[in-house]
Amino acid sequence: MVGWRFLTPAAGDDPGPLSHLSSNQAKVLAAAYQTITGETKPESVREALRFMDGYLGRMDGRTRLEFSALLALVEHSPLVFHGYLGRFSSLPAQARAHCLTGWRRGATWRRPVYCALKDLSYLYYYTRPANWAGLGYAGPLVSADAVNPAFERRYQGLEAKS
Amino acid sequence: MIFTHRQLIANRVFDADVCIIGSGAGGSAAAYALAQAGRRVIVVERGSFLTPKDFDQREENMFPKLFYDAGGRTTRNRAIRVLHGHGVGGSTLHNINLCKRIPDPVFASWELPRFNVSGLRPHYEKVEKLLGVSRIPAERMNENNRLFKAGVEKLGYRGDFLFHNRKDCVGSGFCELGCAFDAKMNALRVLIPQAVQHGAMVLADTRALRLERDGRRIVRVIAQTLHPESGAALSTHVISAKTFICAGGAVETPLLLQRSDVPDPESLVGSRLHLHPGVAVLGEFEQPVRSWQGIPQSYECTEFISFEPAPNAAAEKRIWMIAGSAHPAGAASMLPGFGAEHAGWMEKLPRMACISAMVHDSTRGIVRRKGEFGADLNYVLNSADRAQLATGLREAARILLAAGAREAILPFVEPLRIQTAAQLDRLPIEVRDLDIDMVAVHPMSTVWVGRSEKDSCLDESCRYWQLDNLLVADMSVYPSSLGVPPQLSAYAIGFYAAATAR
């Protein structure tokens with residue numbers, strides 16, 4: 001089965017300025033995110049990218065480098081591993097799903113790639129209240145402005161004045 | 001006082017009697033004891049000072065605030081996710097508050113004349129009183145634990161209620177994201193405030209870069225305050241002290257010692273890493289379970305763990321089982337597949353119970369630096385531990401089926417779905433790396449106590465053999481895996497080490 005590089009638009013529209021992901025990396029991550037979560041709304045994908053970019057910023061520099069390498073590997077490997085002519089981010093949805101299945105079920109060394117993309121994607125997707133409805137999950141029981149002041153009082157005066 | 005990145009914007013020079021690096025269970029206990037004894041104490045803490053208003057019960061916000069590498073740290077081979085925390089209060093902010101002492105046979109196996117049951121007893125007693133440790137009452141069990149208990153009892157397995165350190169717990173179920181209801185009687189709520197009241201100073205958002213020494217003595221620590229969001233360096237501090245106590249946990253403590261190039265003639269620092277890796281089994285029930293509601297872990301099954309020496313490997317029992325729970329993003333990570341397949345599993349989530357099986361591991365790993373501040377955790381499970389985990393998977397599934405699950409699910413890459421105990425008995429179960437999610441939350445034993453500097457890093461006072469004024473007071477100090485949650489013991493170690501530092 002051969003994918004057609006130019007038949008589908010690049011996954012995810014421009015998410016705006018990102019701090020840690022290049023535009024090419026963002027394209028790959030957006031494609032993976034859509035394939036993993038089934039999300040189709042461009043605005044949601046853009047939001048997801050902004051979130052994932054920020055999240056990567058909280059990781060150790062070496063881990064971020066490894067993640068960059070992982071994205072390059074996913075983007076450039078469809079031909080080698082799956083027989084698709086084209087980059088991952090340019091493949092049709094079904095072909096991308098086939099590639100990800102390969103990362104999931106292939107040789108052991110390939111699985112961390114799949115796990116990293118999956119974990120990051122679902123960390124955003126399943127922390128959106130809109131996606132909790134089907135789970136019977138009510139979400140947080142507190143909001144920042146509803147914390148019992150008695151709890152905070154225990155810590156008042158501990159922090160030095162700025 | 002507690003100083004954060006808001007105050008630590010200029011370079012500073014500090015002087016203290018004792019400098020403690022890390023404010024978790026061990027560090028906070030040592031800080032409390034030493035400040036109370038009149039010592040000038042400075043605590044350096046990599047994470048932020050968070051209070052109940054900051055614990056917003058959102059996974060995406062709390063993981064980066066509470067865990068190293070935003071919760072994404074793994075062993076080198078990526079097979080095991082290793083969660084360990086930072087923040088004023090350390091891992092006591094996110095842990096589930098289970099309290100167990102080190103079992104007597106584990107102490108006995110160390111054959112240490114002072115670092116033993118009687119040596120630690122007064123410190124356990126002190127911490128249990130301070131933290132209000134009590135048994136979790138039966139009426140506080142959530143549905144997940146109720147089903148777990150029902151399965152354990154139906155099979156005639158050994159089980160009991162756990163002890164915890166909570167007060168006025170409302171059972172929100174968000175323990176692993178910090179407690180917005182301030183019900184954890186932990187380092188943050190109990191020990192740090194008392195240490196500060198006795199004059200201790202805490203430098204939050206501040207990383208210990210290195211220890212500097214003069215001969216056999218550490219003379220200062222160089223530390224850097226970082227912006228908690230961007231990680232940008234804001235200021236650099238020099239902290240001089242008479243005594244230094246490392247309490248950053250079993251990953252960060254050896255990394256700091258390695259960065260500081262402390263003498264280590266036998267290359268022991270960082271080796272002997274134990275993790276207590278765990279696997280989870282799911283059970284689908286007819287009725288709602290909502291494992292994320294209520295106290296997550298209130299009951300244990302001890303049928304498959306024994307601390308007495310076994311006559312041979314086949315007779316070993318090293319699996320401890322408790323209920324497992326996760327909020328949606330955490331659960332999504334564990335459930336198999338992606339896309340429509342995964343969505344199907346997620347739909348069942350409200351009706352799924354979960355049991356976690358943790359191995360009292362004999363595997364030994366090594367902690368080394370990865371880049372400047374990263375951690376390379378070289379830990380590959382040995383075959384004996386894999387066999388134990390396979391037993392854990394099988395028995396957890398059996399318990400779920402006995403409790404009435406219509407199906408038990410072993411979440412391998414290709415999930416195993418089991419409807420009957422007979423089917424379970426016929427099934428070969430093998431634990432291979434990256435074929436099933438493994439998580440470890442108890443890194444330990446990387447800078448351990450022993451009788452000789454040839455085969456240990458610390459003497460029985462928790463003092464580093466090669467340096468006169470450096471102690472360690474965290475989960476690094478255990479000479480072996482414990483097989484029980486190590487938090488309570490880390491507090492006790494903090495008091496024990498403080499007695500030396502005094």
Side-chain angles (χ1 to χ4, degrees), chain A residues 19 35-38 51 54-63 65 67 97 100-101 104-105 108-112 114-127 131-132 134-145 147-148 150-152 154-162, chain B residues 1-4 6-7 49 51-60 63-64 68-70 72-74 78 170 172 174 180-182 189 192-193 196 229-231 288 290 292 327-329 331-333 337-340 342-343 346-347 349-350 370-375 413-414 432-435:
Chain A
S19 301
T35 312
I36 288 166
T37 64
F51 167 82
Y55 209 83
L56 289 169
R58 306 295 291 267
M59 292 184 166
D60 166 64
R62 287 283 289 260
T63 307
L65 273 179
F67 194 79
L100 278 181
T101 300
R104 171 190 175 193
R105 293 184 169 143
T108 304
W109 72 265
R110 297 177 62 188
R111 291 182 193 164
Y114 161 76
C115 291
L117 294 171
K118 175 182 168 179
D119 288 356
L120 195 56
S121 296
Y122 284 136
L123 180 60
Y124 178 77
Y125 186 81
Y126 279 113
T127 50
N131 298 322
W132 294 337
L135 310 180
Y137 177 69
L141 300 179
V142 295
S143 58
D145 54 357
V147 170
N148 187 332
F151 303 150
E152 280 303 305
R154 291 188 182 127
Y155 302 96
Q156 273 173 9
L158 289 181
E159 184 173 339
K161 299 269 188 291
S162 293
Chain B
M1 302 301 283
I2 298 176
F3 293 80
T4 73
R6 289 181 283 273
Q7 295 87 31
F49 176 42
T51 60
K53 69 177 185 320
D54 299 305
F55 302 125
D56 67 3
Q57 306 186 333
R58 300 286 299 245
E59 293 166 277
E60 74 279 27
F63 286 171
Y68 279 94
D69 274 349
R73 193 167 267 187
T74 68
R78 318 275 183 204
V170 300
S172 75
F174 287 89
F181 299 94
D182 207 29
R189 176 170 166 182
I192 292 290
V196 169
E229 300 288 332
S230 69
R290 295 192 192 95
W292 57 79
H327 294 280
S333 165
F338 64 93
H342 187 271
M346 287 299 284
E347 275 176 27
L349 189 61
K370 185 167 92 173
E372 202 172 359
F373 297 109
V413 168
E414 301 298 341
R432 293 184 297 263
D433 291 341
L434 295 159
D435 195 21

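If you're wondering where the values come from, they're calculated on a predicted model, not measured in any experiment. Every chain is numbered from 1, with letters handed out A, B, ... down the list of sequences.
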Self-check item: Side chain / backbone / both / neither for A:Trp132 at chain B, heavy atoms under 4.5 Å
Solution: side chain
Self-check item: Heavy-atom pairs under 4.5 Å with chain A, option from B:Arg58, B:Lys370, B:Glu60 with the top count
Solution: B:Glu60
Self-check item: Evaluation steps, side-chain contact (heavy atoms from CB on, under 4.5 Å), between A:Lys161 and B:Gln7
Solution: CA-CA 7 Å; A:Lys161 299 269 188 291; B:Gln7 295 87 31; over 6 Å; no
Quiz item: Looking at side-chain heavy atoms only, is the closest gap between A:Tyr137 and B:Pro350 below 4.5 Å?
Solution: no
Quiz item: Top residue by heavy-atom pair count (under 4.5 Å) with chain A, among B:Glu347, B:Glu59, B:Met346?
Solution: B:Met346
Practice problem: Side chain from CB out, backbone as N, CA, C, O: work out which of these in B:Val196 comes under 4.5 Å of a heavy atom of chain A, or both, or neither. | Solution: side chain
Quiz item: Would you find a donor on one side and an acceptor on the other, under 3.5 Å apart, between the side chain of B:Asp69 and the backbone of A:Asp60?
Solution: yes
Quiz prompt | Check: B:Leu434 and A:Pro112 side chains under 4.5 Å, non-hydrogen atoms | solution = yes
Quiz item: Looking at A:Thr63, A:Thr108, A:Leu135, which has the largest count of heavy-atom pairs under 4.5 Å with chain B?
Solution: A:Leu135
Practice problem: Compute the ring centroids of A:Tyr122 and B:His342, then answer whether they are less than 6.0 Å apart. | Solution: yes
Practice problem: Answer whether the closest heavy-atom distance between the side chains of B:Ile2 and B:Ile192 falls below 4.5 Å. | Solution: yes
Exercise. Please flag which part of A:Arg104 lies under 4.5 Å from any non-hydrogen atom of chain B: side chain, backbone, both or neither.
Key: both
Quiz prompt | Proximity breakdown for A:Ala97 and chain B, heavy-atom pairs closer than 4.5 Å | solution = both
Quiz item: So what's closer than 4.5 Å to chain A heavy atoms on B:Arg73: side chain, backbone, both or neither?
Solution: neither
Exercise. Could you look at A:Tyr114 and say if it's the side chain, the backbone, both or neither that has a heavy atom under 4.5 Å from chain B?
Key: side chain
Quiz prompt | SB check B:Asp435 A:Arg111 (cutoff 4.0 Å) | solution = yes
Quiz item: Using non-hydrogen atoms only, which part of B:Arg6 is less than 4.5 Å away from chain A: side chain, backbone, both, or neither?
Solution: both
Quiz item: Who among B:Ala343, B:Ala329, B:Ala340 has the most heavy-atom pairs with chain A under 4.5 Å?
Solution: B:Ala329
Quiz item: Which residue out of B:Phe3, B:Phe49, B:Phe181 racks up the most heavy-atom pairs below 4.5 Å with chain A?
Solution: B:Phe181
Quiz item: Considering only heavy atoms, which portion of A:Ser19 lies under 4.5 Å from any heavy atom of chain B: side chain, backbone, both, or neither?
Solution: neither
Practice problem: To the nearest 0.5 angstrom, please state how far the CZ atom of B:Phe63 sits from the CG atom of A:Asp119. | Solution: 10.0 Å
Quiz item: To the nearest 0.5 Å, how far apart are OH in A:Tyr126 and OG1 in A:Thr37?
Solution: 8.5 Å
Practice problem: Could you look at A:Phe51 and say if it's the side chain, the backbone, both or neither that has a heavy atom under 4.5 Å from chain B? | Solution: side chain
Exercise. Salt-bridge test for A:Arg62 and B:Glu372: reply yes if a basic N is under 4.0 Å from a carboxylate O, no otherwise.
Key: no
Quiz prompt | Interface residue of largest heavy-atom contact number with chain B, from A:Gly57, A:Ala160, A:Gly54, under 4.5 Å | solution = A:Ala160
Self-check item: Residue part contacting chain B, namely of A:Leu56, when any heavy atom lies under 4.5 Å
Solution: neither
